[in-house]
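Everything below concerns the one structure shown next.
Below, read A as the first sequence line, B as the second, and so on, with proteins coming before strands; counting in each chain starts at 1.
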Number of protein chains: 4
Amino acid sequence: MAPTRQERKESITRIREQQILDAALKVFSRKGFAEATTSEIAQEAGVAEGTLYNYFPSKRELLVAVVKTFVMTESFLKIFEHVGEMDYPAFLMAVLNNRMDFVEDEGDNHMVLLMGEILRDPELIAIYDRQVIKPVMNRMEKYLENKAAEGEFRPLNTGVVTRALGGMVLGLLLLTLLEGESSPLKSMSRQTLAAEMMELVMKGIQQH
Amino acid sequence: MAPTRQERKESITRIREQQILDAALKVFSRKGFAEATTSEIAQEAGVAEGTLYNYFPSKRELLVAVVKTFVMTESFLKIFEHVGEMDYPAFLMAVLNNRMDFVEDEGDNHMVLLMGEILRDPELIAIYDRQVIKPVMNRMEKYLENKAAEGEFRPLNTGVVTRALGGMVLGLLLLTLLEGESSPLKSMSRQTLAAEMMELVMKGIQQH
Amino acid sequence: MAPTRQERKESITRIREQQILDAALKVFSRKGFAEATTSEIAQEAGVAEGTLYNYFPSKRELLVAVVKTFVMTESFLKIFEHVGEMDYPAFLMAVLNNRMDFVEDEGDNHMVLLMGEILRDPELIAIYDRQVIKPVMNRMEKYLENKAAEGEFRPLNTGVVTRALGGMVLGLLLLTLLEGESSPLKSMSRQTLAAEMMELVMKGIQQH
Amino acid sequence: MAPTRQERKESITRIREQQILDAALKVFSRKGFAEATTSEIAQEAGVAEGTLYNYFPSKRELLVAVVKTFVMTESFLKIFEHVGEMDYPAFLMAVLNNRMDFVEDEGDNHMVLLMGEILRDPELIAIYDRQVIKPVMNRMEKYLENKAAEGEFRPLNTGVVTRALGGMVLGLLLLTLLEGESSPLKSMSRQTLAAEMMELVMKGIQQH
DNA sequence: TATGAATGAGCATTCATTCAT
DNA sequence: CATGAATGAATGCTCATTCAT
């Protein structure tokens with residue numbers, strides 16, 4: 001069945017909205033919210049400035065939509081789908097490899113760059129917490145609890161350990177951005193890096 | 001010797017400059033660079049707007065001065081002064097306790113809130129890296145190397161481990177801010193939290 | 001004869017045009033010309049924004065059409081049709097009663113609210129003068145002249161008296177709007193009000 | 001005593017504020033509130049656009065200040081100061097002459113042109129009513145009551161008569177603006193016009 | 001040196017108008 | 001003819017910076 005006129009129109013607006021969101025993410029993380037201009041976002045999206053306002057009522061709502069949309073959840077949570085099939089080293093490797101894509105994985109960088117805006121706005125904090133932090137933390141906690149029950153991991157305070165490990169990955173991303181090329185993290189393969197970290201983490205939580 | 005008129009004058013200007021820097025730190029971290037206004041900073045500092053420009057040539061240079069001045073280095077590096085006298089658990093407890101002052105330690109929060117501004121500006125990145133990251137990392141690496149040489153720690157890639165541990169603390173701070181009151185981190189004493197983290201870290205890096 | 005398709009189409013467009021004019025009058029007098037938006041007019045008229053431009057070439061032309069169309073002439077001039085049959089008190093009562101419908105008579109309020117727009121635009125002044133002021137003044141002058149000739153009225157400068165009486169009614173409308181509920185005009189029946197005014201006009205204020 | 005620095009500064013700001021108010025009155029009545037631009041007002045006042053906002057927080061507040069300031073009260077109420085010394089024809093002549101300054105008296109024209117803006121905004125209505133309408137009406141009512149008590153005027157409903165006469169003057173102003181040069185009101189001296197109106201008001205139109 | 005009024009460039013947002021469907 | 005998304009010029013307002021006092 002050919003798409004009706006109605007459908008085609010809707011598809012166009014969905015594409016247009018995506019263009020705008022993509023552009024906004026880029027510009028917001030390049031400049032920060034306040035220094036980003038709607039004019040620049042429009043230009044980046046290839047639309048007129050006024051068009052932005054047919055899709056989002058204000059610059060701030062556009063930021064909210066960006067945070068809502070570009071949650072890292074999706075790609076990150078995919079890892080958990082196959083958790084059952086993995087032993088713990090494989091799982092950790094997967095998590096680390098996925099997150100260690102610092103450089104190329106622009107999505108993460110974007111979010112780190114926007115972190116300041118998020119942290120300053122309770123609404124954005126709530127969104128980010130609900131859509132990113134909570135789901136990741138919950139799944140990870142459950143995973144740790146299972147492994148502990150199976151006797152593979154030592155009995156742990158999963159709440160703390162989860163956050164410590166999550167924080168470690170997040171913090172490494174920050175340090176990489178801050179240290180730039182001079183960081184020793186840059187002089188090793190992602191493979192090696194992940195392996196080192198896994199070693200560190202495993203020997204810590206593993207039952208001896 | 002009583003201070004000469006000259007000296008008194010200089011002391012006044014130094015105090016004035018400090019007032020301005022304090023005010024700027026507050027406002028910049030509350031609002032972010034772009035949304036902070038020179039008017040608000042002046043008010044917070046208790047001086048006229050024009051006075052700011054007798055001390056700093058522009059708003060941006062004021063931000064640079066803030067980043068240069070309020071490096072967390074000072075309090076953090078103090079820990080290392082007595083490193084030689086501590087065994088490793090005591091040392092780690094000290095580090096963790098010091099850094100775990102998330103909530104009350106406004107200084108850290110300020111820097112986290114300003115991280116976005118720093119990450120976006122190569123000059124600020126360079127300053128922050130040189131004054132904060134590098135010294136901390138170097139001292140910590142050296143410490144780990146010593147301990148490894150003494151046989152207390154397993155032979156580690158100290159570059160990675162240093163950053164992993166540093167990142168962990170940084171990341172925990174971020175997560176605390178993001179999760180707010182709902183975080184399990186908030187429902188335990190800092191003592192317990194530090195102990196849990198030490199346990200995690202120690203069992204990982206400790207020679208078995 | 002049943003209406004041809006052609007005729008039906010024309011009738012529909014005439015109705016549509018009327019809808020738009022009605023809506024425009026409402027919105028223009030509610031908001032004033034500049035603050036009225038074509039979007040609001042379209043919504044009020046129940047048509048799409050673009051449709052307005054099939055009927056009127058621009059927002060300003062729409063205002064001109066509104067002024068051209070909603071002249072108060074019609075209802076007002078009806079009074080004069082039966083002038084011959086009335087004695088002067090009856091006539092004045094009719095005029096006053098008709099015009100004293102301040103509150104309910106939205107038409108008048110609309111025009112008063114639009115007066116600012118009209119007064120600022122020579123084209124609108126010309127239209128309003130030609131279609132409203134001049135006809136009313138002319139008829140009224142002629143009436144006064146007749147009455148004077150018949151000896152019922154004193155020999156008057158009809159030009160001035162006409163404008164004085166017309167102005168009085170117009171000015172009363174303005175004062176009613178300005179004073180609102182606190183006006184003594186609001187605390188009497190329209191009957192009484194008309195009677196008082198008639199008395200004033202007929203006899204003046206002087207003790208004879 | 002020479003003015004202190006403080007006083008000189010204050011005097012400058014008062015002058016500046018007046019400049020702005022004068023300019024705003026001109027532009028608002030020339031263009032109406034919505035079509036007046038802050039840029040044009042600033043230019044007319046000979047200051048930078050930003051300067052407007054050092055004196056008035058918004059364009060709307062500037063309008064409010066204009067309405068508050070340029071009340072016609074002052075010049076108008078002066079007439080009443082010498083009321084006691086005048087017999088009624090002299091008084092009426094004074095009122096009429098004062099108000100009949102249609103053309104030259106820009107103040108009045110301004111207010112008539114702004115009437116639309118005032119009528120649309122309850123706050124402005126309240127201000128105008130309190131500062132202009134009420135004082136004028138009250139004084140005029142009292143005058144009429146006195147004259148009635150002295151037996152010079154017939155016993156009248158002073159509330160209505162006051163408003164009828166006030167409205168007449170106001171309405172005549174409107175008609176003059178609307179009819180422009182073609183009005184018979186323009187082809188007679190103000191003297192004659194005032195005399196005609198006085199005759200009408202004093203004696204009515206009826207043949208006695 | 002301290003002040004704070006003046007400045008004007010810069011930006012978010014609105015809205016009349018166009019035009020492809 | 002009807003529609004409504006796209007357009008971009010126009011405008012109120014903010015705020016870093018300057019400078020006369």
Side-chain angles (χ1 to χ4, degrees), chain A residues 5-6 8-10 12-13 16-17 33-43 45-62, chain B residues 9 12-13 16 33-43 46-62, chain C residues 9 12-13 16 33-43 46-62, chain D residues 5-6 8-10 12-13 16-17 33-43 45-62:
Chain A
R5 191 169 318 184
Q6 175 71 10
R8 223 175 322 134
K9 220 188 246 175
E10 275 175 16
I12 286 175
T13 59
R16 190 73 46 123
E17 188 174 310
F33 176 74
E35 295 206 316
T37 69
T38 51
S39 155
E40 192 180 355
I41 295 170
Q43 203 159 7
V47 300
E49 215 173 333
T51 304
L52 299 184
Y53 290 84
N54 291 335
Y55 289 83
F56 303 94
S58 71
K59 190 186 165 192
R60 175 145 287 272
E61 285 307 308
L62 181 50
Chain B
K9 225 188 240 169
I12 286 175
T13 57
R16 191 74 47 118
F33 175 74
E35 294 206 317
T37 68
T38 50
S39 155
E40 192 179 355
I41 294 169
Q43 203 160 8
V47 300
E49 218 174 331
T51 304
L52 300 183
Y53 289 84
N54 291 331
Y55 290 84
F56 303 95
S58 73
K59 188 186 168 193
R60 176 144 288 271
E61 285 308 308
L62 181 50
Chain C
K9 226 189 241 172
I12 286 175
T13 58
R16 189 74 46 121
F33 175 74
E35 296 207 315
T37 68
T38 50
S39 155
E40 192 179 354
I41 295 169
Q43 203 160 6
V47 300
E49 216 173 333
T51 305
L52 300 183
Y53 289 84
N54 292 331
Y55 290 84
F56 304 95
S58 73
K59 188 186 168 193
R60 177 144 287 272
E61 285 308 308
L62 181 51
Chain D
R5 192 168 316 181
Q6 176 70 11
R8 222 175 324 133
K9 219 186 249 175
E10 275 175 16
I12 286 174
T13 59
R16 191 73 46 119
E17 187 174 312
F33 175 74
E35 294 207 317
T37 69
T38 50
S39 155
E40 191 179 356
I41 294 170
Q43 202 159 10
V47 300
E49 213 174 336
T51 303
L52 299 183
Y53 290 85
N54 291 335
Y55 290 83
F56 303 94
S58 71
K59 188 185 166 194
R60 175 144 289 271
E61 284 307 306
L62 181 51

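- Taking B:E49 as the reference, B:T38, B:S39, B:A42 meet the side chain to side chain contact (heavy atoms under 4.5 Å, CB included) condition, with sequence neighbours excluded.
- For A:E61, the side chain to side chain contact (heavy atoms under 4.5 Å, CB included) partners two or more places apart in sequence, or in a different chain, are A:P57, A:S58, A:V64.
- Atom OG1 of A:T13 and atom CZ of A:R16 lie 9.0 Å apart (nearest 0.5 Å).
- Taking atom CD1 on A:I12 and atom P on F:dT3, their separation rounds to 20 Å, with Å as the unit.
- Every salt bridge (Lys or Arg N to Asp or Glu O under 4.0 Å) that A:R60 has, sequence neighbours left out, goes to A:D121.
- Summarising the geometry, the separation between CD on A:E61 and P on E:dT13 is reported as 10 Å, rounded to the nearest angstrom.
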Nucleotide by nucleotide, 5' to 3', does protein get under 4.0 Å of the base (B), only the sugar-phosphate (S), or neither (-) in nucleotides 7-17 of chain F, counting heavy atoms? BB--SBBBSBB
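- In this structure, the side chains of D:Y55 and D:V47 stay at 4.5 Å or more apart for every pair of heavy atoms.
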DNA chain F base-pair string [pairs: Watson-Crick or G-U under 3.5 Å; |: paired with another strand]: .||||||||||||||||||||
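- Residue contacts for C:Y55: at a heavy-atom cut-off of 4.0 Å it reaches the sugar-phosphate backbone alone, with no base atom in range.
- Applying the side chain to side chain contact (heavy atoms under 4.5 Å, CB included) test to B:A48 and every residue at least two apart in sequence or in another chain returns B:T51.
- Taking A:F56 as the reference, A:E17, A:I20, A:L21, A:L62, A:A65 meet the side chain to side chain contact (heavy atoms under 4.5 Å, CB included) condition, with sequence neighbours excluded.
- The closest donor-acceptor contact from the side chain of A:K59 to the backbone of A:F33 lies under 3.5 Å.
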